[in-house]
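Have a look at the structure below before the remarks.
Predicted model, so just to flag it, every value in this text is computed and none were measured.
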Amino acid sequence: MITQHSQPDQYCREALGRLTAEFRGVLPQEVVTGTVLAARRDLEGQVAREALAEMLHHLAHHRLDRLRTGG
């Protein structure tokens, strides 16, 4: 899924905390982490800094939910 390693920043750590708890036992931790990091990279420079935390959570959650439901 991810070809390079990224260091999680504050926004990633916050999203990881919430999404790890929500998807625990449903998706592997590596999938949750990789999805959050990929979403963070995709949002870089695309949204205002003050909206980044919320947008990151929503985008990563959407992608994880699609993985969970097979959609």
Side-chain angles (χ1 to χ4, degrees):
M1 175 186 262
I2 291 185
T3 57
Q4 66 185 34
H5 293 283
S6 300
Q7 274 295 57
D9 60 14
Q10 166 193 347
Y11 304 109
C12 288
R13 288 189 299 271
E14 290 171 3
L16 276 170
R18 293 188 306 239
L19 294 170
T20 294
E22 182 173 348
F23 289 93
R24 181 174 287 122
V26 177
L27 294 171
Q29 178 63 44
E30 299 81 28
V31 171
V32 175
T33 301
T35 301
V36 169
L37 292 175
R40 175 66 175 90
R41 281 193 306 274
D42 292 346
L43 291 172
E44 185 64 35
Q46 301 298 315
V47 298
R49 196 100 177 130
E50 58 271 7
L52 188 55
E54 183 177 353
M55 294 300 293
L56 174 59
H57 181 267
H58 284 290
L59 178 58
H61 186 277
H62 173 74
R63 290 177 177 179
L64 291 166
D65 197 45
R66 288 187 65 200
L67 289 172
R68 171 177 50 190
T69 62

Inset, instruction - Would you indicate whether the side-chain heavy atoms of Glu54 and Tyr11 approach each other to under 4.5 Å? - result: no
Legend entry - Min side-chain heavy-atom separation Arg63-Asp42 under 4.5 Å: yes
Inset, instruction - Nearest 0.5 Å please: distance from the CG atom of Leu64 over to the CZ atom of Arg66. - result: 11.5 Å
Inset, instruction - Answer yes if the side chains of Glu14 and His57 hold a donor-acceptor pair under 3.5 Å, and no otherwise. - result: no
Inset, instruction - Kindly compute the distance separating OG1 (Thr20) from CZ (Arg13), expressed to the nearest 0.5 Å. - result: 13.5 Å
Inset, instruction - Might you work through the side chain to side chain contact (heavy atoms under 4.5 Å, CB included) test for Gln29 and Phe23, ending with a clear yes or no? - result: CA-CA 8 Å; Gln29 178 63 44; Phe23 289 93; over 6 Å; no
Inset, instruction - Any chance you could measure Thr35, atom OG1, to Leu27, atom CG, to the nearest 0.5 Å? - result: 7.5 Å
Inset, instruction - Starting at CG of Leu56, measure out to CD of Glu44 and round the result to the nearest 0.5 Å. - result: 10.5 Å
Legend entry - Criterion side chain to side chain contact (heavy atoms under 4.5 Å, CB included) on His58 and His61, from CA distance to verdict: CA-CA 5 Å; His58 284 290; His61 186 277; 5.8 Å; no
